[in-house]
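Okay, structure first, notes after.
Source: prediction; values computed, not measured.
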Amino acid sequence: MLFLNFSNNAALSALTGIILTYGITSFSENSTSSSGNSHTATAPELQTAWNDFLSSPRFDHCQWGAVAISLKTGETLAEWNADRYFIPASNTKIYTTALALEELGADFQIPTRLYVNGPVDEDGTLHGDLLVVGQGDPSCSTRFTDGDWTTPLEPVAAIIQEAGIRSVKGQLIGDNSYFNTDSQGAGWQWDDLTYWYGAEATALTLNDNQLEFSVSPAHEVGQPVKLDWVSTDPYPWIEIKNLTTTVSEGFSRVWMDREIGSDVWWLQGQINHFGGSRTIWVSPNGAERMYVESLRRLLARKGVPVQNGTKVISHRDRWGIPFNPEEWKPIGQHLSPPLREIIQPLMKRSQNQYAHLLWLQIGAHRANLEGQISPGNSRDRDVNSLAEAAFRDLLTKAGMESDAVLIEEGSGLSRRHLIRPRSTVRLLRWIQTQPYYDDFYHSLPIAGVDGTLSRRMKDTPAAEITRAKTGTLRYAHALSGYTESSSGEPIAFSFMVNSIHGDYAEQEGRESNPRGEIDFLVNSLATWKGCD
């Protein structure tokens, strides 16, 4: 059995010894496993190495799924429980990104539309309301622009000014109805929703729908820690109750939370008086309000006041008062960067909100194809169900059964997803045949270089040649993507492990973790000589 330490390069040396011991250089279609699992392996020595590794007693309490195929031949190189279902975590984003590229196209851009319902006089006064209709553009974020919190709204403000508007007698209205479904994905857990990774997916979205705060010790011990708004000036509807303390000794730990649906935040914990500042990112309730209020403030700074304040229209509001194009005159639209650019931070940083926004975007696209020009006007078929239908079509195109992959939202934050490792490598191989393959491939994190793999597999054979999507939930880990053998043979792989707990490593008297175990398997592919 293999008991290796993955915390340093000793793992690589041990792995090389295993490869040499097993002589993983040959190619056979008839080898079978001796571990009791069913295998159809074309590289028996690689399979044997996997069997010895994955049948270790330290894994008796968890479930592993693994498969690697040759992208030259499509044949299986090694596998383990490849047809069982696993909770995939953010490996779901592989499917969402492929679906978006297939359904929308790499050049697709998301519009934000502006309308007025009254005349603009010679002084530039709009005698009526100004309407901003969002369609879920995740690029309205400082991730795509340099500058402060409101910089992403500059193009929208410019359209308003170019229309000759110098003041608004009515209201600034944010139409958030484009996605006629909830702003959280199906299966998202309530205790994820206050954290940055549980940010709402709204049609009007600003800076990933997050708020950033800085906390630092007070000048005197015993006083509450100091909290500053970093990303924006305070929003009037958000209340923060500071229950923290600056302490003279001990560790520093602070956090913020709120009740679901509440705008009252509780800042808790303590900071050592000699400690420094730290940053907290949170996900507020009703994030679309941030967009509208921030746009109002930006217009005011530019000398375009809005006299009657702001309001937001939801998809449920639209059921009673559908959008009437005869009432509203368009004054322009702002387009997002093309989809090929949006999927870069989505995949490399594993942005849940971006992924679910694209999932809903696909459903809205299907609704428009069916003649519902404004999906938010419809209560019959929500965009989430239409996205699910599009996803089933993708599985059919890729040659898979409809139950090969079961997902219901775009990010993988849901724990109700089920994916088979073999399905993922089939999709990865199918994507290679599509015109958008290069865009998909370059969106994946690179081992030891960037994204969620920037610190993994550094100084190993898999570094730089492996591009793969991570997946992490509590007790569930995954990594799927592309790599090469030492002879340059292209390989698609998928590794998933569920019900794994970190304490097993300490029980064995060794240092390890689920990510390290997965990285070991990736390196077993990168050091394999390939098929003769």
- Would you indicate whether Arg415, at its atom CZ, is surrounded by more than 12 heavy atoms from other residues, nucleotides or ligands within a distance under 6.0 Å? yes
- Item | Near-ring test Tyr197/Trp188, centroid separation under 6.0 angstrom | no
- Message: Does Asp393 form a side chain to side chain donor-acceptor pair (under 3.5 Å) with Thr396? I'd like the steps, not just the answer.
- Response: CA-CA 5 Å; Asp393 290 345; Thr396 300; 5.3 Å; no
- Task: Could you tell me whether the side chains of Thr112 and His334 share a donor-acceptor contact shorter than 3.5 Å?
- Result: no
- Give, for atom NE2 of His356 and atom CD of Gln351, the distance between the pair rounded to the nearest 0.5 Å. 14.5 Å
- State the CD-CG distance between Glu388 and Leu406, to the nearest 0.5 angstrom. 10.0 Å
- Note on the structure: CZ of Phe493 to CD1 of Ile69, rounded to nearest 0.5 Å, is 11.5 Å
- So, are Lys397 and Glu102 salt-bridged, with charged N and O less than 4.0 Å apart? yes
- Task: Calculate, to the nearest 0.5 Å, the distance between atoms CD1 and CD1 belonging to Ile331 and Ile160 respectively.
- Result: 6.0 Å
- Message: Please evaluate residues Val292 and Val132 with respect to the criterion side-chain contact (heavy atoms from CB on, under 4.5 Å), reporting the C-alpha separation (whole Å), side-chain torsions for both, the decisive distance (0.1 Å), and the verdict.
- Response: CA-CA 8 Å; Val292 181; Val132 182; over 6 Å; no
- Do other residues, nucleotides or ligands put more than 12 heavy atoms under 6.0 Å from the CZ atom of Arg258? yes
- Message: What verdict does the salt bridge (Lys or Arg N to Asp or Glu O under 4.0 Å) test give for Glu79 and Arg422, after you've listed the backbone C-alpha separation in whole Å, the side-chain angles of each residue and the deciding distance to 0.1 Å?
- Response: CA-CA 9 Å; Glu79 63 176 284; Arg422 195 186 310 280; 2.7 Å; yes
- Query: With a 4.0 Å cut-off, would you call Arg474 and Asp192 a salt bridge?
  - Reply: no
- Task: Taking the side chain as every heavy atom from C-beta outward, state whether Val133 and Tyr115 have any pair of such atoms under 4.5 Å apart.
- Result: yes
- Item | Lys/Arg-Asp/Glu bridge criterion (N-O < 4.0 Å) met for Glu517, Arg58 | yes
- Item | Residues in side-chain contact (heavy atoms from CB on, under 4.5 Å) contact with Pro111, at least two apart in sequence or another chain | Arg113, Gln135, Gln333, Leu335
- Query: Any side-chain heavy-atom pair from Ser480 and Val425 closer than 4.5 angstrom?
  - Reply: no
- Message: Distance check, rounded to the nearest 0.5 Å: Arg392 atom CZ versus Met400 atom CE?
- Response: 14.5 Å
- Item | Shortest non-hydrogen contact between Arg316 and Asp182, atoms and distance | NH2-OD1, 3.4 Å
- Item | Residue of the set Phe86, Phe59, Trp80 for which ring-ring contact (aromatic ring centres under 6.0 Å, His included) holds with Trp64 | Phe59
- Message: Is it the case that the side chains of Lys469 and Ser90 hold a donor-acceptor pair, with the cut-off being a distance below 3.5 Å and no angle test?
- Response: no
- Task: Answer with yes or no whether the side chains of Ser139 and Ser336 bring together a donor and an acceptor at under 3.5 Å.
- Result: no
- Query: For Val230, what residues pass the side-chain contact (heavy atoms from CB on, under 4.5 Å) criterion, not counting sequence neighbours?
  - Reply: Glu212, Ser214
- Is there side-chain contact between Tyr475 and Ile87, with at least one heavy-atom pair below 4.5 Å? no
- Shortest non-hydrogen contact between Asn209 and Ala199, atoms and distance: O-CB, 3.8 Å
- Task: Kindly state whether the ring of Tyr437 and the ring of Tyr441 have centres lying under 6.0 angstrom apart.
- Result: yes
- Message: If you define the side chain from C-beta out and look only at heavy atoms, does anything of Leu298 sit under 4.5 Å from Glu154?
- Response: yes
- Take Arg456 and Asp519, measure what salt bridge (Lys or Arg N to Asp or Glu O under 4.0 Å) needs, and give me the verdict at the end. CA-CA 8 Å; Arg456 292 175 61 175; Asp519 293 352; 2.7 Å; yes
- Query: Is the shortest distance from a Lys or Arg side-chain nitrogen in Arg416 or Glu409 to a carboxylate oxygen in the other one below 4.0 Å?
  - Reply: no
- Residues Asp137 and Thr205: closest non-hydrogen pair is O-CG2, 2.8 Å
- Is there a donor-acceptor contact under 3.5 Å from the side chain of Ser443 to the main chain of Phe440? yes
- Task: Would you mind telling me which of Asp175, Asn176, Asn180 makes a side chain to side chain donor-acceptor pair (under 3.5 Å) with Arg318?
- Result: Asp175
- Message: Could you go through Tyr235 and Arg289, starting from their C-alpha distance and side-chain angles, then the distance that decides it, and tell me whether this counts as side chain to side chain donor-acceptor pair (under 3.5 Å)?
- Response: CA-CA 9 Å; Tyr235 291 122; Arg289 289 178 292 176; over 6 Å; no
- Query: Quick one: do Asp450 and Lys348 make a salt bridge, cutoff under 4.0 Å?
  - Reply: yes
- Query: Does CD belonging to Gln432 count more than 12 external heavy atoms closer than 6.0 Å?
  - Reply: yes
- Message: Can you confirm whether Glu259 is buried at CD, in the sense that more than 12 heavy atoms of other residues, nucleotides or ligands lie under 6.0 Å from that atom?
- Response: no
- Message: Can you see whether Asp257 engages Thr194 through a side-chain donor-acceptor pair at a distance of less than 3.5 angstrom?
- Response: no
